[in-house]
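The structure under discussion appears below in the form of structure tokens.
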Protein chains: 2
Amino acid sequence: MEKEKIKIECCDSFHVHEEVVNSVTEMMPEEEVLYDLAELYKVFGDSTRIKILYVLFEADLCVCDIAQLLNMGQSAISHQLRVLKQARLVKFRREGKSVIYSLADDHVRTIIDQGMEHISE
Amino acid sequence: MEKEKIKIECCDSFHVHEEVVNSVTEMMPEEEVLYDLAELYKVFGDSTRIKILYVLFEADLCVCDIAQLLNMGQSAISHQLRVLKQARLVKFRREGKSVIYSLADDHVRTIIDQGMEHISE
DNA sequence: TTATCATATGAATACTTGTTCACATGATAA
DNA sequence: TTATCATGTGAACAAGTATTCATATGATAA
């Protein structure tokens, strides 16, 4: 199978070996997957959302309680919960007049723990 | 020990119990740590940088080789390598005229793998 | 030294994003 | 039903960011 050759013209002293080009093109995920992956990390890339997740580690809470705990506006929290919801990091249920948010699964915790480990080295 | 009370005035039907307020304020990391954590994830939150990391999974490479492999400008890659360097996700060494970049440690792989797991559910 | 090659960097641009404000929606209680 | 409460949402603004272009830096080779 003839793959599209990638020309390496710069770097006289060093160049990508055919071998590397092949292994890279083989294991590199699809463009769309890479995009989705970046989108996921973007969700973690905001301290307000990180705080929301930390708060939800402790208890399932409604929007206005989260807002109070984080000392922020209800609207701001609602907007961010939407982002977290779309990334399937939180889920919600209705209870009376309130909407109670909770963590979707354990990946959230694992990912945050890994990040914590990295920055505290 | 009298802690600063957090007033919960909204949500008549549901309110944060003292208990929850305490556990949240106890386990919530410092503002600065949360900020740093978000900064770390921001670095992963760009598909160009994700691609660079994936390429470096396969081999240590110089800037122009990465640019060629990703079909992007040398300047763009250099700018992004700077970001990755500042987040201590990649390291570099000089070899002749080139600067060879490589992954800093195994956290990178773990974090990316966890993210991958989440999006492929 | 000078010429050359690889990389880094600053400015500019276009694009994205977080918060606030004002208001809409939607469920509950009377 | 109507009034009320909690949440969701769109527009607007400010702040941040990725890429490109042109150029600077810095190491190597002659």
Side-chain angles (χ1 to χ4, degrees), chain A residues 8-16 31 34-35 38-53 56 60-87 90-102, chain B residues 8-16 31 34-35 38-53 56 60-87 90-102:
Chain A
I8 306 294
E9 288 166 354
C10 70
C11 292
D12 295 342
S13 54
F14 185 88
H15 66 281
V16 174
E31 183 76 25
L34 294 167
Y35 183 80
E39 287 302 303
L40 175 65
Y41 290 120
K42 263 182 208 158
V43 175
F44 287 94
D46 175 83
S47 60
T48 296
R49 288 191 289 265
I50 295 269
K51 283 180 204 169
I52 293 176
L53 295 175
L56 294 181
D60 298 0
L61 293 166
C62 70
V63 181
C64 83
D65 283 339
I66 299 173
Q68 293 268 348
L69 278 169
L70 302 187
N71 199 31
M72 291 185 65
Q74 169 270 324
S75 182
I77 300 299
S78 184
H79 277 296
Q80 299 301 2
L81 281 170
R82 187 182 203 239
V83 176
L84 291 166
K85 208 192 304 176
Q86 284 172 338
V90 302
K91 56 189 180 184
F92 63 99
R93 62 181 187 271
R94 182 152 216 120
E95 264 183 30
K97 290 183 210 163
S98 303
V99 177
I100 311 294
Y101 281 85
S102 56
Chain B
I8 304 294
E9 288 165 355
C10 70
C11 291
D12 295 343
S13 55
F14 185 88
H15 67 279
V16 174
E31 183 75 26
L34 294 167
Y35 184 80
E39 287 301 304
L40 174 64
Y41 290 122
K42 263 181 207 158
V43 176
F44 286 94
D46 175 83
S47 59
T48 296
R49 288 191 289 263
I50 294 272
K51 282 180 205 167
I52 293 176
L53 295 175
L56 294 181
D60 298 359
L61 292 167
C62 70
V63 180
C64 83
D65 283 340
I66 298 172
Q68 294 268 346
L69 278 169
L70 302 186
N71 201 30
M72 291 184 65
Q74 169 270 323
S75 182
I77 301 299
S78 184
H79 277 296
Q80 299 301 2
L81 281 170
R82 186 180 202 240
V83 176
L84 291 167
K85 207 192 306 178
Q86 284 172 338
V90 301
K91 56 188 178 183
F92 64 99
R93 63 180 187 273
R94 194 165 256 286
E95 264 184 27
K97 290 183 209 164
S98 303
V99 177
I100 310 295
Y101 282 85
S102 56

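These values consider heavy atoms only, across backbone and side chains, with no hydrogens, waters or symmetry-generated copies. Below, chain A is the first sequence line, B the second, and so on; all start at residue 1.
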Pairing residues for Arg93(A) by the salt bridge (Lys or Arg N to Asp or Glu O under 4.0 Å) criterion, not counting sequence neighbours:
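Applying salt bridge (Lys or Arg N to Asp or Glu O under 4.0 Å) to Arg93(A) gives Asp60(A), Glu95(A).
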
Under 4.0 Å between any heavy atoms, over every strand shown, what does Tyr101(A) touch: base, sugar-phosphate, or nothing? Just pick one.
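Result for Tyr101(A) = sugar-phosphate.
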
Earlier contact from the 5' end, DNA chain C, for Arg94(A) and Met72(A)
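Result: Met72(A).
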
Counting just side-chain N and O atoms, does Thr48(B) come under 4.0 Å of either OP1 or OP2 of dT19(D)?
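Checking Thr48(B) against dT19(D): at least one side-chain N or O falls below 4.0 Å of OP1 or OP2.
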
Given dT7(C), dG18(C), dT20(D), which nucleotide is nearest the side-chain atoms of Ser98(B)?
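For Ser98(B), the side-chain atoms sit closest to dT7(C).
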
When you measure from the side chain of Arg49(A), which nucleotide among dT20(D), dA8(C), dG18(C) comes out closest?
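Closest nucleotide among those given: dG18(C).
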
What is the distance, rounded to the nearest whole Å, between atom [atom1] of [X] and atom [atom2] of [N]?
X: Asp46(B); N: dT17(C); atom1: CG; atom2: P; value: 11 Å
X: Ile52(B); N: dT19(D); atom1: CD1; atom2: P; value: 8 Å
X: Gln68(A); N: dA6(D); atom1: CD; atom2: P; value: 10 Å
X: Phe44(A); N: dG18(C); atom1: CZ; atom2: P; value: 14 Å
X: Glu95(B); N: dT7(C); atom1: CD; atom2: C1'; value: 15 Å
X: Lys51(A); N: dG18(C); atom1: NZ; atom2: C1'; value: 13 Å
X: Gln74(B); N: dA22(D); atom1: CD; atom2: P; value: 14 Å
X: Glu39(A); N: dA18(D); atom1: CD; atom2: P; value: 12 Å

dA30(C) pairs with which nucleotide, Watson-Crick or G-U wobble, both distances below 3.5 Å?
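Looking at the geometry, dA30(C) pairs with dT1(D).
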
Checking base pairs now: Watson-Crick or wobble, both atom distances under 3.5 Å. What partners dT7(D)?
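Across all strands, the one nucleotide that pairs with dT7(D) is dA24(C).
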
Where is the tightest heavy-atom contact between [X] and [Y], given as atom of each residue plus distance?
X: Tyr101(B); Y: Leu56(B); answer: O-CD2, 3.5 Å
X: Ala87(A); Y: Val43(A); answer: CB-CG2, 3.8 Å
X: Ser47(B); Y: Tyr35(A); answer: CB-CA, 4.4 Å
X: Lys85(B); Y: Val90(B); answer: N-CG2, 3.7 Å

Would you tabulate the side-chain donor-acceptor contacts of residues 73-84 of chain B under 3.5 Å, counting partners in other chains and residues two or more places apart, or write 'none'?
unit_1   : atom_1 : unit_2   : atom_2 : d
Gln80(B) : OE1    : Arg49(B) : NH1    : 2.8

Residues of residues 77-85 of chain B with any non-hydrogen atom less than 4.0 angstrom from an atom of DNA chain D: list those, numerically ordered, please.
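The stretch gives His79(B), Gln80(B) as the residues lying under 4.0 Å from the strand, ordered by number.
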
Check step by step if side-chain contact (heavy atoms from CB on, under 4.5 Å) holds for Ile100(A) and Ser98(A).
CA-CA 6 Å; Ile100(A) 311 294; Ser98(A) 303; 4.2 Å; yes

Should the side chain of Ser75(B) and the base of dT9(C) be counted as holding a donor-acceptor pair, with the cut-off at 3.5 Å?
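Present.
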
